[in-house]
Amino acid sequence: MSGKSKYIFILASCFVLLTLTEYLAPKEVDWKVTFSKDDKIPYGNSILRQLLPSQFPGQAITDNYQTFYELTTADRESDTLALPKNYLFINDTFAPDSLETQALLSYAYSGSSVFIAANRFYGLLADTLQLTVLDNLYLQHKGLANEILDSLGINLVNPKLRSAKAHYYKRGTIPQYFAGADSAVIVLGTNELNAPNYIQVPYGEGNFFLHCNSLAFSNYNMLRENNAEYIAKSLSYLPLQPVVWDEYYKVGRQESVSRFRFLLGNEALAWAWRLLLGTILLFVVFAAKRKQRIIPIVRPALNTTLEFAHTIGRLYYLHGDHRDLARKKTAFFMEFLRTHYYLSTSGIYPFGPDITIQLADFAERVAAKTNVPLPKVKALFTAMLAIERGQQLSEDKLIQLNQLMEHFYEAAGLVR
């Protein structure tokens, strides 16, 4: 195993070991208070929600994710507003606004039953029903202050529903009680200090059933001893009719009801989703660095100019027409002066019969423009003029003309 492979193996082993450790480690208990039907944590409400079909056999049980005002509007549009129902609200606090309170009162007045379990009641509903919730820390029973008690028991008042032994809860779990209830209120349950914690308030043709110890309805407390029996008896006061379970007013309720809600609500699926996204991100980051589009091989364009020049040179050499070759070199040189130095050759080339004076002036302009010494320029033009006026041209004269041109290019800085 190479050095690099060894380090990769060690890193992968550490990652697998860490993953197994996290997976096998005991999960920390989540003590968050949610009262949600989807939460199996101690203070969720999944157990009670599952028991509702047996508590109300044959009745439709629906979950509500709207405000009570929106629910009332929907029922009014579907002509189901007058249909009596049981509405269950279980939360830490219950403080609906004025519109929601009016909707609740309207439902109760038309014959529905509204069950609310909350530790605190605020707002217009509490004022209308004259609800005052206090902490039994201020109560005394048989000369003992409540804070001395390790646990507190609660029970129902009705002899037919009252248990022989009170239902006990941990100290501090259910300290609230209703204070100052008027004569219209029916007390359904009390705690061991004889303070009412479960009351019935008639309203129109319906009723409000109010419980001020909402933690008694949580998963944790329902599994303690025989406390589930107390919950079942408490809900038995509600008539046998359709049930609406509230999820909108829950503490920590989820805003979104999208298809990802179930995925993110399940811890294992949520971690699988995060792992999938993380893997895709790592692949994009590292694969993008290691893989790229293949760079095509661009072959340089073939330069056939030199081959063409050699071919033409061999052609003229074989034919022995040195004068024609020299005239073409002269024409090319004049074109070079026009295109590179913008020198006009009009009246100079082709060479006329009496061009000596004009050619001397042109040589001076060429020397000034190209920085080539004037003698070299004059020698080159003299050779060109001699070839133009001659009939035959020897090979030596052609070579001499070529050398004069090469010297010109070198002096002009065009040849390195």
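In this structure, Asp324 pairs ionically with Lys328, as a charged nitrogen and a carboxylate oxygen lie closer than 4.0 Å.
Using modelled atom types, one side-chain atom of Arg323 and one backbone atom of Glu388 make a donor-acceptor pair closer than 3.5 Å. Panel note: side chain Asn219, backbone Ile41; a donor-acceptor pair is recorded below 3.5 Å. For the pair Asn119 (side chain) and Thr93 (backbone), a donor-acceptor distance under 3.5 Å is absent. In this structure, Gln59 contributes its side chain and Val243 its backbone to no donor-acceptor pair below 3.5 Å. Side chain of Glu100 to main chain of Asp97: a donor-acceptor pair is present (N/O by atom type, distance under 3.5 Å, no hydrogens or angles). Using modelled atom types, one side-chain atom of Asn86 and one backbone atom of Pro239 make a donor-acceptor pair closer than 3.5 Å. Formation of a donor-acceptor pair under 3.5 Å by the Lys250 side chain with backbone atoms of Phe35 is found in this model. Within the 3.5 Å criterion, the main-chain N or O of Glu70 finds a donor-acceptor partner in the side chain of Thr67.
No option in Thr173, Asn197, Asn221 other than Asn197 meets the side-chain hydrogen bond (donor to acceptor under 3.5 Å, both in side chains) test with Asn213. For the ring-ring contact (aromatic ring centres under 6.0 Å, His included) with Phe89, the qualifying choice from Phe115, Phe217, Phe68, Phe121 is Phe68, the only one to do so.
Between His167 and Tyr230, the angle of the ring planes lies from 30° to 60°, which puts this pair in the tilted group. Phe209 and Tyr198 have tilted rings, their planes meeting at an angle from 30° to 60° on a 0 to 90° scale.
Put simply, the side chain of Leu404 does not reach to within 4.5 Å of the side chain of Phe333, judged on heavy atoms. The side-chain heavy atoms of Thr190 and Tyr177, taken from C-beta on, include no pair separated by under 4.5 Å. Within the 4.5 Å cutoff, the side chain of Leu125 has heavy atoms near those of the Leu105 side chain. A heavy-atom distance below 4.5 Å is found between the side chains of Phe408 and Thr370.
The number of heavy-atom neighbours closer than 6.0 Å to OH of Tyr109, taken from other residues, nucleotides and ligands shown, is 12 or below.
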Using salt bridge (charged side-chain N to carboxylate O under 4.0 Å, His left out), reason through Lys32 and Asp39 one step at a time and then give a plain yes or no. CA-CA 10 Å; Lys32 181 171 59 177; Asp39 290 337; over 6 Å; no

